[in-house]
Number of protein chains: 2
Amino acid sequence: MRASDRAYATLRDDIIEWRLRPGTVLAEVEQSERLGISRTPLREALGRLTAEGLTTASGGRGVVVTDISLDDIDQLFELRETLEGRAAALAAERGDALTFQKLHHEFLQAPALIQADDPARHEYYDLVGRLDSAIDSAISNTYLAQAMRSLRVHLVRVRRLAADDAGRLTSAAAEHAAIAEAIAAGNPRLAEAATMLHLHRSLSHVKATHTPH
Amino acid sequence: MRASDRAYATLRDDIIEWRLRPGTVLAEVEQSERLGISRTPLREALGRLTAEGLTTASGGRGVVVTDISLDDIDQLFELRETLEGRAAALAAERGDALTFQKLHHEFLQAPALIQADDPARHEYYDLVGRLDSAIDSAISNTYLAQAMRSLRVHLVRVRRLAADDAGRLTSAAAEHAAIAEAIAAGNPRLAEAATMLHLHRSLSHVKATHTPH
DNA sequence: GCGCGCTCCTCTGTATACAGAAACTCTTCC
DNA sequence: GGAAGAGTTTCTGTATACAGAGGAGCGCGC
């Protein structure tokens, strides 16, 4: 793996997990020494982060970690509603029913995963990731899939702001199950509606439990 | 202006205007000598192009200019429909009526611009760009606006494939006028419908006059 | 004659050196 | 005491040198 890839992955995770707080200045020499690489690959990593919107080039003072305001979250979910609503509808039209039937059943059994004593809930979030991937490939549209992937980076960051307690995750699992079921049934409008419902509740939960940093 | 910015703008235009054909290998030393700059800023430019999807990193053989297939055009317009339909609806809800009334009147007089003896139709495309910008700022959603901007790069490239004759441009102007009118009237569903109609006709025209390169 | 393997060569990935620009600070003047 | 300006310092932007990896071409063997 290239040094610039490692630097990118490390910095991206540090930002997403809020180890690097918004407003932090990422000076090139400082970060290159911290990561044990030269300035050249680090610059490439910073460029990618800036293109994604996780950092912004702030004048001559290096790049700084961007903040996420409440207004940003609203905008993020507005775009998410647009993209994922359409994606769910397309998946219902074009997807493989069996794949989503299996995911549907997995989500029905998700409460067991949530009760497992893993504070990070790896297994559950892995299941959510598999549903996202299944939709991505079902829609057969690389541009739409790419747009959703670039959104998810920011959404993971927002998720860390909210207290994802077991109660909310159990409800979310039921909502995901409804989405998978509607796609498996080949019902575009129902899939879109189920997605809207899920996103509305997610946004409400985030805004309710949002802890200003 | 930075050398990397100039290199990016030059290469981007060369690709969009089809001066650099799909499949062309952009070797670093070759291009850096052609543009009269060093490899370092050129690498940054190539990185940005690859992030946008205009080029792809092809193994150890440098980056190559991506192709646009008929299937790509379908996918592109599918995403465009999703994003611009929603954007038009949001603009109708949140936009300033006077701004779009003015644009509406300008589009009604657009046939004169199209008849002007400018083969590139600068004035007309400038007007289209102003409508896009007006929608971008009216929606008050930087993430959605950003997604549409990244799409437009590819769409300009597609536009160059089609023969944009005066007849089609006159029809397109009328469709744009309808979009602006609906937004000015504050009617979200009508704005979305007018956008759908315009995109459907644009796609039909592109596919009808598409000349395989 | 065809296929496999080796060698050479070119290209990317990385490190470092240098120059220009921007910001901070200290001093001086009002 | 405050503000403006010059000096200094540190940063980014660019160029170049070096090393490793990958591919192409040629030769050898079957």
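Hydrogens, waters and symmetry mates play no part in the numbers below; they use all other heavy atoms, side chains included. Here the structure is a predicted model, which is why all the values come from computation and not from measurement. In what follows, chains are A, B, ... by sequence order, proteins preceding strands, each numbered from 1.
Rounding to the nearest 0.5 Å places CG of Leu90(B) at 6.5 Å from CD1 of Ile139(B).
Salt bridge Arg149(B)/Asp132(B): absent, no basic N to carboxylate O contact under 4.0 Å.
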Between side-chain atoms of residues 6-13 of chain A and protein atoms elsewhere (two or more places apart, or another chain), which donor-acceptor pairs fall under 3.5 Å?
residue  : atom : partner  : partner atom : Å
Tyr8(A)  : OH   : Glu52(A) : OE1          : 2.8
Tyr8(A)  : OH   : Glu52(A) : OE2          : 3.1
Thr10(A) : OG1  : Arg6(A)  : O            : 2.8

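For the residue pair Ser69(B) / Asp72(B), a side-chain donor-acceptor distance below 3.5 Å is found, with atom types taken as modelled. Side-chain polar atoms of Arg168(B) and Ser202(B) form a donor-acceptor pair below 3.5 angstrom. Asp164(B) and Tyr124(B) form no side-chain donor-acceptor contact under 3.5 Å, judged by distance and modelled atom types alone.
Taking every heavy atom of residues 29-55 of chain B and every atom of DNA chain D, pairs under 4.0 Å involve Ile37(B), Ser38(B), Arg39(B), Thr40(B), Pro41(B), by number.
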For every nucleotide of nucleotides 19-25 of chain C, 5' to 3': is a protein heavy atom under 4.0 Å from its base (B), only from its sugar-phosphate (S), or from neither (-)?
-------
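Using the six-membered ring where Trp is involved, His176(B) and His198(B) have ring planes that are tilted, between 30° and 60° apart. The aromatic rings of Tyr143(A) and His154(B) sit perpendicular, their planes meeting at an angle over 60°, well past the 30° parallel limit.
In this structure, CZ of Arg2(A) is placed 12 Å from P of dG22(D), rounded to the nearest angstrom. Across the protein-nucleic acid pair, Glu28(B) atom CD and dT16(D) atom C1' stand 14 Å apart, rounded to whole Å. We find that OH of Tyr8(A) is positioned 17 Å from P of dG13(C), with the value rounded to whole Å.
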